[in-house]
Enquirer: 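The structure's right below; bear with me while I get my questions together.
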Amino acid sequence: MRAFHLKDAPLVLLSLIFFIWGLITVSSNSLIPYYKDAFALDYKMAMLFPMAFFITRVTVSLPTSFVMAKFGYRTTMQYCLCWCLVGCLVMAYLVRTESLYPTLLGILLMASGISAIQVVSSPYVSLLSTPDKSVVRQSIATAANSVGTVLGPLVLTAIIVTATTLGYTDTSLHVSILFLLIAGFFFGLLLFFRKIELPDIKPKQISGFGKVCSVC
């Protein structure tokens, strides 16, 4: 496949990933009042949704690091982008069922992909640059993440206002549209990923905790 030549394309890709995970995280938190009303939950039960989202950072991070050590950063990132795409599509479908446990399952699947791609992209930003530029690159990626957190509620509000204006008042439909749009964004990232020349990094061995485990 012919590569798409863009100055510092890997940094652009990684910054877009930082942006979208910031947008998803803040949008998920903004949806807690919707989940509370839709499933007639009290405040304690409504906290299941942010718990389901953030618990994946504990359950997914370590396995993802082992996958990175075995297959390399580039391959792992491609898998994670596909995972995020599928997770958002599944979430867009399950939220329309307006059933508690399927929606929680969708959040777990989607959030697992987001947590996995964070594990890959965070060190990748620094490893793809020289030491003197790594701080600048990290700052750019972090700024993109902050922009995503700012735009998340605005995007959700725009979807609700637009859909309501067009006569679609079902809130579950609004949430489904949000995740469909995010899935489309991940599809665009996958196309961009395949068009650019992204250097691969494959650790020669697992160090730290993984090395200790292999000895045990």
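All values below come from the heavy atoms of this structure, side chains included, with hydrogens, waters and symmetry mates left out. The first residue of the sequence shown is numbered 1, and numbering continues consecutively from there.
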Enquirer: Identify the residue among Thr165, Thr164, Ile159 that makes a side chain to side chain contact (heavy atoms under 4.5 Å, CB included) with Val161.
Expert: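 Only one option passes, and that is Thr165.
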
Enquirer: Decide yes or no for Thr64 and Gln118: does some side-chain heavy atom of the first lie under 4.5 Å from some side-chain heavy atom of the second?
Expert: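 Not in contact.
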
Enquirer: For the CG atom of Leu31 and the CG atom of Leu178, what is their distance to the nearest 0.5 Å?
Expert: 6.5 Å

Enquirer: Quick check on the hydrophobic clustering: are Phe187 and Val155 connected, directly or via other members, by side-chain heavy-atom contacts under 4.5 Å?
Expert: yes

Enquirer: Could you work out, with side chain to side chain contact (heavy atoms under 4.5 Å, CB included) as the rule, every residue matching Tyr101, not counting sequence neighbours?
Expert: Leu104

Enquirer: Should Tyr35 and Met45 be counted in the same cluster of Ile, Leu, Val, Met, Phe, Trp and Tyr side chains packed under 4.5 Å apart?
Expert: yes

Enquirer: Please tell me whether Met110 and Leu89 are part of a single hydrophobic cluster in this structure, the criterion being side-chain heavy atoms less than 4.5 Å apart.
Expert: yes

Enquirer: Give the minimum heavy-atom separation between Ser15 and Ala144, together with the two atoms involved.
Expert: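 Heavy atoms only, the tightest pair is O-CB, 3.3 Å.
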
Enquirer: Is there side-chain contact between Leu108 and Ile55, with heavy atoms separated by less than 4.5 Å?
Expert: yes

Enquirer: Just do the side-chain contact (heavy atoms from CB on, under 4.5 Å) check on Leu166 and Thr162 with the steps written out, would you?
Expert: CA-CA 6 Å; Leu166 294 175; Thr162 303; 4.3 Å; yes

Enquirer: Taking OH in Tyr34 as the centre, count heavy atoms belonging to other residues, nucleotides or ligands within less than 6.0 Å. Is the count above 12?
Expert: yes

Enquirer: Kindly say whether Tyr168 contributes a backbone atom to a donor-acceptor pair with the side chain of His174 at under 3.5 angstrom?
Expert: yes

Enquirer: According to a 4.5 Å side-chain heavy-atom criterion applied to Ile, Leu, Val, Met, Phe, Trp and Tyr, with indirect links allowed, do Val95 and Val90 form part of one hydrophobic cluster?
Expert: no

Enquirer: So, taking the atom named CG in Leu190 and the one named SG in Cys80, what distance separates them when rounded to the nearest 0.5 Å?
Expert: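 If we round to the nearest 0.5 Å, Leu190:CG and Cys80:SG are 10.5 Å apart.
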
Enquirer: With a 4.5 Å limit on heavy-atom distance, are the side chains of Met91 and Ile24 in contact?
Expert: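 Met91 does not reach Ile24 side chain to side chain.
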
Enquirer: Strictly distance-based, threshold 3.5 Å: is any side-chain N or O of Arg137 a donor or acceptor partner for the main-chain N or O of Leu11?
Expert: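 A pair under 3.5 Å: no.
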
Enquirer: Starting at CD of Glu98, measure out to OG of Ser172 and round the result to the nearest 0.5 Å.
Expert: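 Result: 4.0 Å between the selected atoms.
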
Enquirer: For side-chain contact (heavy atoms from CB on, under 4.5 Å), just list the numbers for Val60 and Trp83, CA-CA rounded to whole Å, side-chain angles, deciding distance to a tenth of an Å, and then say yes or no.
Expert: CA-CA 12 Å; Val60 172; Trp83 189 350; 4.1 Å; yes

Enquirer: Starting at CG of Leu189, measure out to CD1 of Ile117 and round the result to the nearest 0.5 Å.
Expert: 7.5 Å

Enquirer: Between Pro50 and Ala46, which heavy-atom pair has the shortest distance, and what is it?
Expert: CD-O, 3.4 Å

Enquirer: Identify the two heavy atoms, one from Phe49 and one from Thr103, that lie closest to each other, and give their separation to 0.1 Å.
Expert: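 Nearest pair, atom of Phe49 first, then Thr103: CE2-CG2, 4.0 Å.
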
Enquirer: May I ask whether Leu81 and Val67 are part of the same hydrophobic cluster, defined by side-chain heavy atoms of I, L, V, M, F, W, Y residues being less than 4.5 angstrom apart, directly or through others?
Expert: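 Per the 4.5 Å side-chain linkage, Leu81 and Val67 are not co-clustered.
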
Enquirer: Quick one: closest heavy-atom pair of Phe53 and Ser28, and the distance?
Expert: CE1-OG, 3.5 Å

Enquirer: Would you say OH of Tyr79 has more than 12 non-hydrogen atoms from neighbouring residues, nucleotides or ligands within 6.0 angstrom?
Expert: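 No, OH of Tyr79 has 12 or fewer neighbouring heavy atoms, counting only those of other groups under 6.0 Å.
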
Enquirer: Would you check if the side chain of Thr97 reaches a backbone N or O of Tyr93 as a donor-acceptor pair within less than 3.5 Å?
Expert: no

Enquirer: Is the number of heavy atoms from other residues, nucleotides or ligands within 6.0 Å of CD1 (Ile32) greater than 12?
Expert: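 Yes.
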
Enquirer: So, taking the atom named CZ in Phe19 and the one named OG in Ser146, what distance separates them when rounded to the nearest 0.5 Å?
Expert: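 The distance works out to 11.5 Å.
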
Enquirer: Please report the shortest heavy-atom distance between Ala52 and Ala111, naming the atom on each side.
Expert: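 Taking Ala52 first and Ala111 second, the nearest heavy atoms are O-CB, 4.4 Å.
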
Enquirer: I'd like to check Leu173 versus Ile177 (side-chain heavy atoms, cut-off strictly below 4.5 Å). Are they in contact?
Expert: yes

Enquirer: Could you tell me whether the side chain of Val119 reaches within less than 4.5 Å of the side chain of Thr76, counting heavy atoms only?
Expert: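 No. Closest side-chain heavy atoms not under 4.5 Å.
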
Enquirer: Please answer whether the main-chain N or O of Ser122 pairs with a side-chain N or O of Gln138 as donor and acceptor at a distance below 3.5 Å.
Expert: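 Pair found, side chain donor or acceptor close to backbone of Ser122.
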
Enquirer: Heavy atoms only: give me the nearest Leu198-Met77 pair and the separation to one decimal.
Expert: CD2-SD, 4.2 Å

Enquirer: Under 4.5 Å between any side-chain heavy atoms of Val12 and Phe192, yes or no?
Expert: yes

Enquirer: Is there a side-chain contact between Thr59 and Thr56, using heavy atoms and a 4.5 Å cut-off?
Expert: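 In contact.
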
Enquirer: Just so I know, are the side chains of Trp21 and Ser121 near enough to count as touching, which here means a heavy-atom distance under 4.5 Å?
Expert: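 Yes - at least one pair of side-chain heavy atoms lies under 4.5 Å apart.
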
Enquirer: Please confirm whether the backbone N or O of Ser112 pairs with a side-chain atom of Ser115, one donor and one acceptor, at under 3.5 Å?
Expert: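 No: the side chain of Ser115 does not pair with the backbone of Ser112.
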
Enquirer: Atom CG of Leu156 and atom OG of Ser30: how far apart are they, to the nearest 0.5 Å?
Expert: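 If we round to the nearest 0.5 Å, Leu156:CG and Ser30:OG are 6.0 Å apart.
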
